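Computed from a predicted model, the values in this text were never measured in an experiment. Read the numbers this way: they start at 1 and go in the same order the structure lists the ligands and their atoms.
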Amino acid sequence: MTERVPTKVNMEKIVSLCRRRGFIFPNSEIYGGLSSCWDYGPLGVELKHNIKQSWWRAMVQERDDMVGLDSSILMHPHVWTASGHLKGFVDPMVECKSCHLRWRGDDLSSVNCPSCGGELTEPRLFNLMFKTFMGPIEEEANIIYLRPETAQGIFVNFQNVVNTTRKRLPFGIAQIGKAFRNEITTGNFIFRSREFEQMEIEFFVKPGTDGEWFEYWLEERLNWYVKLGIKRENLKLRQHTKEELAHYAINCRDINYLFPMGWAELEGIANRGDFDLVQHANSSGKSLNYLDEETKEHIIPYIIEPSAGVDRSALAFLCDAYDEELDKDEIRVLLRLHPSLAPIKVAILPLSRREPLVKLAKQISADLRPHWMVSYDDAQSIGRRYRRQDEIGTPFCTTVDFQSLEDNQVTIRDRDSMNQIRIPISELKNTLQAKLEGEDLFVLPPGGKIWKEEKSPDSP
Ligand code: ATP
């Protein structure tokens, strides 16, 4: 069977759109850039914020079996000995004897250098953790590490959370935060970078129920992406073989996404057993047992870990939303982003820069700003302004025209269908709110029209 490849979208188009429109810039660009580090611009920061907020809302706020945490990036060095990272968080590195480029040995499909075809050295194990020093003296005893995952901050706070929240099994602790890995090979834009953000859950369950919970979380996490607009056919689960399982894992499956470069990991879901709590209990000498009130026995919970990347999610959401369609004689580029992820929810477009139209349009944007990210755009033709908003995924444009001054109505234009309706300004906020929340069909107040029946051309 041939592998499906993504159509329309390719990485060059995504990188160029992100850069051109202010989603993502190369880091330290004026100094020539810093390899594999990226800066999120005005739209990128909104997109990322919306992804994190959607995750937090679905995983923490809407559940009564989950609490949040924000632990420090720097941790006691013994954490990394106990977790196995000092010994085991390594990748085999090979170097090309001719061009001296370095590669991850287990990633290569050929025995020669992928860049110049030269001979490669034998693999050498390379620890991916970034080292730094705590305090002013740079000596061995002061070495600490930038965390390569947020998970360990959760394990070492397990007892604190149980004691302070009185949560009973099964329950989870969720955390979003930066992680750092000194990856040997990076690339594919923000897919693999050295500084990135993770959204991790450690879900503590009674041993024996871990198999069911593992299946539960696979389903739950897949659904999260689908609810936020990722096409189901672009997601698939990949089972880890026994040989590739990490040292701590009993079982692991990845949620893979069909990125422009092919299927690759978006999120990993692992059954970590009792490995982490046992390791930290042994290493710290502190009990990390849990008293099962039903049986009055002390047990060590098993842990199911859904671990997702914010940056990889952002890339997947962008790629999945990217679309091109023929509109009249032009190609219309648009991001069909889910309204909760769209950086700007509504754009206010006055048809002219003349007073008193501008005053009215500015007043409308000021009234909407407390509720959503709003963009005010009065430059160039209305058609071009619609295109600009389409390209950044703004779900709705509101056009203010001279007629608005007379009848106190404005036009709302829908990004995906390009349908337009005219409604009273007094109903604008409620109408947008309902549409942003995904309401499909509703009767607008007197003077308005029924959304779905309106099929007008893409003109103001
Ligand atoms: P890979 O095999 O692609 O390096 P991994 O299996 O090492 O990934 P995990 O340790 O399972 O990744 O990390 C959980 C999630 O964190 C990944 O699914 C991914 O979304 C994100 N992630 C991990 N490493 C990076 C990175 N270098 N850049 C961006 N995101 C990352």
- Message: Students should be able to answer this: which protein heavy-atom is nearest to atom 14 (C) of ligand 1, and at what distance?
- Response: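 Minimum-distance protein heavy atom for atom 14 (C) of ligand 1 reads S307 OG, 3.0 Å.
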- Query: What protein heavy atom is closest to atom 28 (N) of ligand 1, reported as residue, atom name and distance in Å?
  - Reply: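 For this ligand atom, the closest protein heavy atom is S193 N, 3.0 Å.
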- Give me the ring orientation class for F317 and Y225: parallel if the planes are under 30° apart, tilted from 30 to 60°, perpendicular past 60°.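 If you compare the ring of F317 with that of Y225, the planes turn out tilted.
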- Query: How are the rings of F180 and F130 set relative to one another: parallel (under 30°), tilted (30 to 60°) or perpendicular (over 60°)?
  - Reply: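 Perpendicular, since the angle between the ring planes exceeds 60°.
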- Message: With a 4.5 Å cut-off on side-chain heavy atoms, are C113 and C99 touching?
- Response: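 Answer yes - side chains close enough.
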From the options [options], select the one whose nearest heavy atom is closest to [atom].
atom: atom 9 (P) of ligand 1; options: H240, E149, R181; result: R181
atom: atom 17 (C) of ligand 1; options: E195, E305, M199, E265; result: E265
atom: atom 16 (O) of ligand 1; options: E183, R192, Q198; result: Q198
atom: atom 22 (N) of ligand 1; options: F180, F196, F191, W38; result: F196
atom: atom 3 (O) of ligand 1; options: R104, E200, R312; result: R312

Any idea which atoms of ligand 1 are less than 4.0 Å away from a heavy-atom of [X]?
X: E267; answer: 18 (O)
X: G309; answer: 20 (O), 21 (C)
X: G268; answer: 18 (O)

- Query: Can you tell which part of L266 has a heavy atom less than 4.0 Å from ligand 1: side chain, backbone, both or neither?
  - Reply: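 Under 4.0 Å from ligand 1, L266 contributes backbone atoms alone.
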- Message: Between E197 and K52, does any NZ, NE, NH1 or NH2 come within less than 4.0 Å of an OD or OE carboxylate oxygen?
- Response: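 Answer for the salt bridge query: yes.
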- In terms of side-chain geometry, is the basic nitrogen of R387 or D327 positioned less than 4.0 Å from the acidic oxygen of its partner?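 Yes, charged N to carboxylate O under 4.0 Å.
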- Item | N or O pair under 3.5 Å between I190 and ligand 1 |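 Between I190 and ligand 1, no N or O pair is found under 3.5 Å apart.
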- Task: State which residue, out of R332, K231, R336, fulfils the salt bridge (charged side-chain N to carboxylate O under 4.0 Å, His left out) condition with D323.
- Result: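 It is R336, the one option of R332, K231, R336 that forms the salt bridge (charged side-chain N to carboxylate O under 4.0 Å, His left out) with D323.
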- D390 and its salt bridge (charged side-chain N to carboxylate O under 4.0 Å, His left out) partner, picked from R385, R413, R384: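 Result for salt bridge (charged side-chain N to carboxylate O under 4.0 Å, His left out) with D390: R413.
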- Task: Flag yes if more than 12 heavy atoms outside K227 fall under 6.0 Å of its NZ atom; otherwise flag no.
- Result: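 No - once you tally the heavy atoms of other residues, nucleotides and ligands closer than 6.0 Å, there are 12 at most.
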